[in-house]
Amino acid sequence: MTVLKTRAQLVDVARQLFAKKGVEDTTMNDIAVASKKGRRTLYTYFKSKEQIYQAVVESELEMLSDHMEITAAKNLSPDAKIMELIINHLDSIKMVVYRNGTLKANFFRDIWRVETKRKYFDAKEIELFRKVLQEGKDEGIFQIDDVEITADILHYCIKGIEVPYIRGQIGENLDDETGWRYVRNIVYGALGCTR
């Protein structure tokens, strides 16, 4: 097994154990046994449980980033693409948190640990927003003065509603179609969308 495959296997096993037992209740020995690797092999790749936890977070963020890049590359109008990016961002974050079971509690409790790993993901996402916003501005669909500042603000607004969205606190009495129509109206209004 190659070095990358072994590392990826250890990260996946750790993610599953963290989801099932929680980070605090999972030991390095648990990860070694579940991966059918020796403790020596595990410690060759990761010096601590914190290090493997951070690798799990990085792995999840890489998958999210790949998903966002696929969305940004779609052949859609800029207004449709920006909405799809927003929806995919929120739904993807929600799925990561729910897929990881007890990581849900850790995600909310240890948000700053997660935030340190999100910086790279955030920068890539802001760049995707900039490209789509610039495309929309160039086509006369978005009436915005400064694409860079608008991309930053859009990103942080979306990031700011992640927790309420995950917890189902936004528009809980609305069906999805109605809820997303409200979001679309706010986003398009802020971008001066001409469509």
Side-chain angles (χ1 to χ4, degrees), residues 14-26 50 53-54 56-72 74 76 78-130 132-133 136 142 144 148-193 195:
R15 184 189 60 75
Q16 291 174 42
L17 287 171
F18 292 161
K20 188 171 159 185
K21 297 175 66 172
V23 176
E24 301 307 319
D25 293 331
T26 301
E50 175 64 22
Y53 173 76
Q54 294 297 329
V56 168
V57 172
E58 285 175 18
S59 171
E60 293 288 354
L61 290 172
E62 284 174 22
M63 285 188 282
L64 288 176
S65 186
D66 292 346
H67 188 65
M68 295 297 283
E69 286 180 14
I70 290 168
T71 300
K74 286 184 175 181
L76 297 171
D79 53 325
K81 194 179 293 187
I82 205 76
M83 280 307 301
E84 192 159 335
L85 283 169
I86 292 167
I87 292 167
N88 283 341
H89 171 104
L90 291 170
D91 285 344
S92 294
I93 291 286
K94 186 176 187 175
M95 288 311 301
V96 165
V97 172
Y98 283 133
R99 181 175 67 240
N100 287 298
T102 58
L103 279 184
K104 180 179 178 183
N106 290 335
F107 179 86
F108 293 124
R109 189 179 66 236
D110 300 331
I111 194 77
W112 294 113
R113 277 170 59 186
V114 173
E115 277 302 302
T116 60
K117 292 297 178 185
R118 281 191 69 168
K119 288 179 184 176
Y120 179 70
F121 169 76
D122 288 351
K124 285 176 71 175
E125 185 175 69
I126 290 169
E127 186 56 35
L128 290 176
F129 284 142
R130 284 184 184 137
V132 174
L133 292 172
F142 300 143
I144 49 180
E148 290 196 23
I149 290 172
T150 304
D152 287 347
I153 292 169
L154 180 60
H155 168 76
Y156 288 110
C157 286
I158 295 162
K159 193 171 174 179
I161 64 170
E162 286 174 355
V163 172
Y165 183 78
I166 291 166
R167 290 182 172 160
Q169 297 169 326
I170 298 176
E172 56 194 304
N173 59 340
L174 301 175
D175 60 87
D176 283 349
E177 186 178 327
T178 304
W180 287 117
R181 188 179 75 235
Y182 280 109
V183 172
R184 203 169 19 259
N185 289 344
I186 290 168
V187 170
Y188 289 172
L191 297 177
C193 191
R195 290 188 181 187

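Note that the numbering runs from 1 along the sequence shown for the chain.
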Compare every heavy atom of [Y] with every heavy atom of [X], then report the nearest pair and how far apart it is.
X	Y	result
A151	R130	CB-CG, 3.3 Å
F121	L61	CD1-O, 3.7 Å
L191	I144	O-CG2, 3.8 Å
L64	S92	CD2-CB, 3.0 Å
Y165	I170	N-CD1, 3.8 Å

Report yes if the side chains of [X] and [Y] come closer than 4.5 Å at any heavy-atom pair, otherwise no.
X	Y	answer
L128	V132	no
I87	T71	no
K159	R118	yes
L154	I82	yes
K124	M68	no
M83	Y188	yes

Measuring from atom [atom1] of [X] to atom [atom2] of [Y], what distance do you get when rounded to the nearest 0.5 angstrom?
X	Y	atom1	atom2	value
H67	D91	NE2	CG	8.0 Å
I158	D122	CD1	CG	11.0 Å
I166	L90	CD1	CG	8.5 Å
E24	F18	CD	CZ	9.0 Å

Keeping the roles fixed (side chain from K81, backbone from K74), state whether a donor-acceptor pair exists under 3.5 Å.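 Looks like yes, one N/O pair under 3.5 Å.
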Parallel, tilted or perpendicular, judged at 30° and 60°: which one describes the rings of F129 and H155?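 If you compare the ring of F129 with that of H155, the planes turn out tilted.
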Dump the intermediate steps for side-chain contact (heavy atoms from CB on, under 4.5 Å) on T150 and F142, then the final yes or no. CA-CA 11 Å; T150 304; F142 300 143; over 6 Å; no
Could you pull out every donor-acceptor pair under 3.5 Å between side chains of residues 176-184 and any protein atom, sequence neighbours left out?
from : atom 1 : to   : atom 2 : distance (Å)
T178 : OG1    : D175 : OD1    : 3.2
T178 : OG1    : D175 : OD2    : 2.9

Answer with yes or no whether the side chains of Q54 and E50 bring together a donor and an acceptor at under 3.5 Å.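 Distance-only check passes for E50 and Q54.
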